[in-house]
Structures are given as C-alpha cells and as structure tokens.
Amino acid sequence: MLTLNNGLSVPPIGLGTYKIADSDGVAAIKTAVRVGYRLFDTAFVYGNEHILGQAFREMFAQGDIKREELFVVSKLGPTFHRSEAVERGCRLSLERLGLDHLDLYLMHTPVAARDLGAGNDRSEIDDEVSPVETWKALEECHRKGLVRSIGVSNFNEEQLEEIVNLGSIKPVVNQVECSIGFHQADLRRFCDKEDIKIMAYSPLGKPKFGKDHPFLQSGVLKQMSENYGRSPAQISLRYLIEIGTIPIPKSSNVDRMMENLDVLSFKLDKGDIEKLESLVEQKRSMNLDWLKASKYYPF
C-alpha cells in the first residue's frame, strides 16, 4: 500500500473502468474483486457508476468483500463545476455507486461545461467557472464527509500550483495520462515536490486498430521482457510503479486482469528503469479535444 499526503493508504495499482458496461460489466467488476483488485476508478461521465454499484452491493451482501477493503475513485462531471452544483454532482455519484462516501473524488478536468438539458449530448465550454472555485466546493464535500480524499485530473503544473496555493486542502492525486511512451517527467517532478501522487491512466498507451501501442513493440522492451520472463505490458506497468505512479489499466478479461495485477510480484533493476526512460515519445494518446476551446485547456 502507498500513503497519500493526508495519511490514507491506497493500493499501488487499480482497475480503470472506462467503457465497462451492462451485465458483462457487473461480472467484470466482481471478477476483478475476486482476483485481488481493491482500487477501482470510475467517473460520472463514464455513465457506469451504477454498474460498479450493483457489483459492490451484491458482493457486500454475499460477504465477498467489505466496504472498508475497497478504495473507490470517481470524478466530478464538467457540468457540475459551479460551486452550487459540486455537492449535487458528488451526491449523484454516491447514489449511483450505492456508497455513503468515496475514498477519492477528483475534478475530472480543469474545464467546466454548461448543462444544456436532457436529451442534448453536446458540450458547451463554461469558462466563467475557474478550477479554484470548483476546488473550494470540493473541499466542502470533504469537510462534510462525503469524500475521504480529493484530487484533480488532467491538470498541468501551473493549474495544480494554483490549487495548492489558493486552496486549503492539498490535492492527494493528479490523475493524468502516463506511460513508458509518455512518462510526464516534468509533471512528476512537480508532484513529487508537492507530495501529490500521479495516478496513471492509459498506462499501456491507446491501442490503434486492435494493435498494441508502438512502444510495447520496442526492441528494448522485448529484450527486457525475455530477461524477466514477463510480458511487455507487465514490464511497462512495473516501470510506472517503480517511478512512483499508480497505474490503472483497463481490462474486463480475467487473464489480463491477473497478468496486470501480478506486476506486484517482481521489481526492475535501476539500470533497466533508466533504459525504459529512453522509450518516451512525448506524444499523448488522449488529447481531450473538446476542451481545446477553453482558456483552461491544460495541454
């Protein structure tokens, strides 16, 4: 377990649940719990909080797991950024998850959006709301006991520094894209200095046309894979753990889930970690294009 800057413990790896849905999603979450996952990451905008809630509720009732054994993360939707709406967004997530508190609640992006009403799937940027205004309302959710920890997602160093300087509670996590192919060296240095953990989404890159990310095909990684008797994906995830991040790979396949979780059973040599640093492409897989119209666009 790792320790956050507020003293709470968090598992060193978790399960990302983006696009996990329907009855298959409930089964996938239950399988993940049974093979050993305890950290689960979701978000209001994923539209699947109720899926995790159903799986947890059924497993609690069966005695398979206790609430206090799980570390559940969700994220504030961009249409709830106005200070008067933040608590409502938080309570909606709790209702869908069937929980009385979240272990970690993140501001999903520094960019707010206007609620255009039911049946409208178009997003409209709302730059009248600053990330600091939203953050202060998140602090109130924390004070009310709705969430045990608060943090951010997709924030750059400047935006994160503003939150640190103007807020009264320091973020415990900044969840961003981070992988061997895009290892966020500058942002990691800033977060290390401030004792803020990086939670790494897309830790294996974004597959294209059913193929692995190019960095998983590199000769360096393949040779290392043979040396350790591990898959390139396992080497990649272990690298992220070694550099102090918390990877949250996505999968609903039980074999892949177990393979990803097994990265806790070995370590990389310091020299190999340095070799893997050279594979960086400094190219994002996720650009969040809809945010580009905002003055708060972080990338």
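Everything numeric in this text was worked out from a predicted model, so none of it was measured.
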Any chance you could pull the hydrophobic cluster mates of Val129, using side-chain heavy atoms under 4.5 angstrom and chaining through other members?
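Val129 shares its hydrophobic cluster with no other residue.
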Apply the hydrophobic cluster definition, ILVMFWY joined by side-chain contacts under 4.5 Å directly or through others, and give me every member besides Leu187.
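Besides Leu187, the cluster holds Val176, Ile198.
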Do [X] and [Y] come close enough that some side-chain heavy atom pair is under 4.5 Å?
X      : Y      : value
Val173 : Val10  : no
Met1   : Pro11  : yes
Met107 : Phe155 : yes
Leu4   : Leu104 : no

Do NZ/NE/NH1/NH2 and the carboxylate oxygens of [X] and [Y] come within less than 4.0 Å?
X      : Y      : value
Arg189 : Asp192 : no
Arg114 : Glu128 : yes
Lys136 : Glu140 : no
Arg67  : Asp103 : yes
Asp195 : Lys170 : no

Is it true that the side chains of Ser93 and Glu49 contain a donor and an acceptor less than 3.5 Å apart?
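Checked: Ser93/Glu49 side chains pair up, N/O donor to acceptor below 3.5 Å.
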Residue pair Ser231 / Arg256, side-chain donor-acceptor N/O under 3.5 Å
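Note: Ser231 and Arg256 side chains miss the donor-acceptor criterion.
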Can you get from Phe182 to Ile246 by hopping between Ile, Leu, Val, Met, Phe, Trp and Tyr side chains that sit under 4.5 Å apart?
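No: no chain of side-chain contacts under 4.5 Å links Phe182 to Ile246.
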Can you get from Val280 to Phe299 by hopping between Ile, Leu, Val, Met, Phe, Trp and Tyr side chains that sit under 4.5 Å apart?
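In one cluster: no.
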Any donor-acceptor N/O pair, [X] side chain to [Y] backbone, under 3.5 Å:
X      : Y      : value
Glu177 : Ser285 : yes
Gln175 : Leu106 : no
Lys66  : Phe60  : no
Thr79  : Asp115 : no
Asp126 : Ala112 : no
Asn260 : Pro249 : no
Asn253 : Asp255 : yes
Arg148 : His101 : no
Glu242 : Lys267 : no
Arg238 : Val263 : yes

Please report the C-alpha distance between Arg91 and Glu95 in whole Å, then the side-chain angles of each, then the deciding distance to 0.1 Å, and finally whether the side-chain contact (heavy atoms from CB on, under 4.5 Å) criterion is met.
CA-CA 6 Å; Arg91 289 187 181 276; Glu95 180 182 336; over 6 Å; no
Calculate, to the nearest 0.5 Å, the distance between atoms [atom1] and [atom2] belonging to [X] and [Y] respectively.
X      : Y      : atom1 : atom2 : value
Arg96  : Ser74  : CZ    : OG    : 9.5 Å
Ile29  : Ile51  : CD1   : CD1   : 9.0 Å
Leu102 : Leu70  : CG    : CG    : 11.5 Å
His183 : Arg188 : NE2   : CZ    : 6.0 Å
Cys191 : Glu157 : SG    : CD    : 7.5 Å
Glu161 : Asn156 : CD    : CG    : 10.0 Å

Nearest atoms (heavy-atom pairs only) where [X] meets [Y]:
X      : Y      : answer
Asp127 : Ser294 : OD1-OG, 2.6 Å
Ile163 : Pro171 : CG2-CG, 3.6 Å
Ala233 : Leu204 : O-CD2, 3.7 Å
Ser149 : His142 : N-CD2, 4.0 Å
Cys178 : Thr245 : SG-CG2, 4.3 Å
Val86  : Cys141 : CG1-SG, 4.0 Å

Taking the six-membered ring for Trp, are Phe56 and Phe40 parallel (under 30°), tilted (30 to 60°) or perpendicular (over 60°)?
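Perpendicular.
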Using 30° and 60° as the class limits, which term best fits the ring planes of Tyr228 and Phe266: parallel, tilted or perpendicular?
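Tyr228 and Phe266: tilted rings.
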Show, in sequence, the C-alpha distance, side-chain angles and deciding distance for Val172 and Lys197, and conclude whether the side-chain contact (heavy atoms from CB on, under 4.5 Å) test is met.
CA-CA 6 Å; Val172 299; Lys197 295 291 186 188; over 6 Å; no
Residues Leu291, Asn154; criterion side-chain contact (heavy atoms from CB on, under 4.5 Å); working and verdict
CA-CA 11 Å; Leu291 303 179; Asn154 298 303; 5.6 Å; no
Using side-chain contact (heavy atoms from CB on, under 4.5 Å), reason through Cys90 and Val147 one step at a time and then give a plain yes or no.
CA-CA 9 Å; Cys90 181; Val147 298; 3.8 Å; yes
Given Glu194, which of Val164, Asn5, Leu160 fulfils the side chain to side chain contact (heavy atoms under 4.5 Å, CB included) condition?
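It is Val164, the one option of Val164, Asn5, Leu160 that forms the side chain to side chain contact (heavy atoms under 4.5 Å, CB included) with Glu194.
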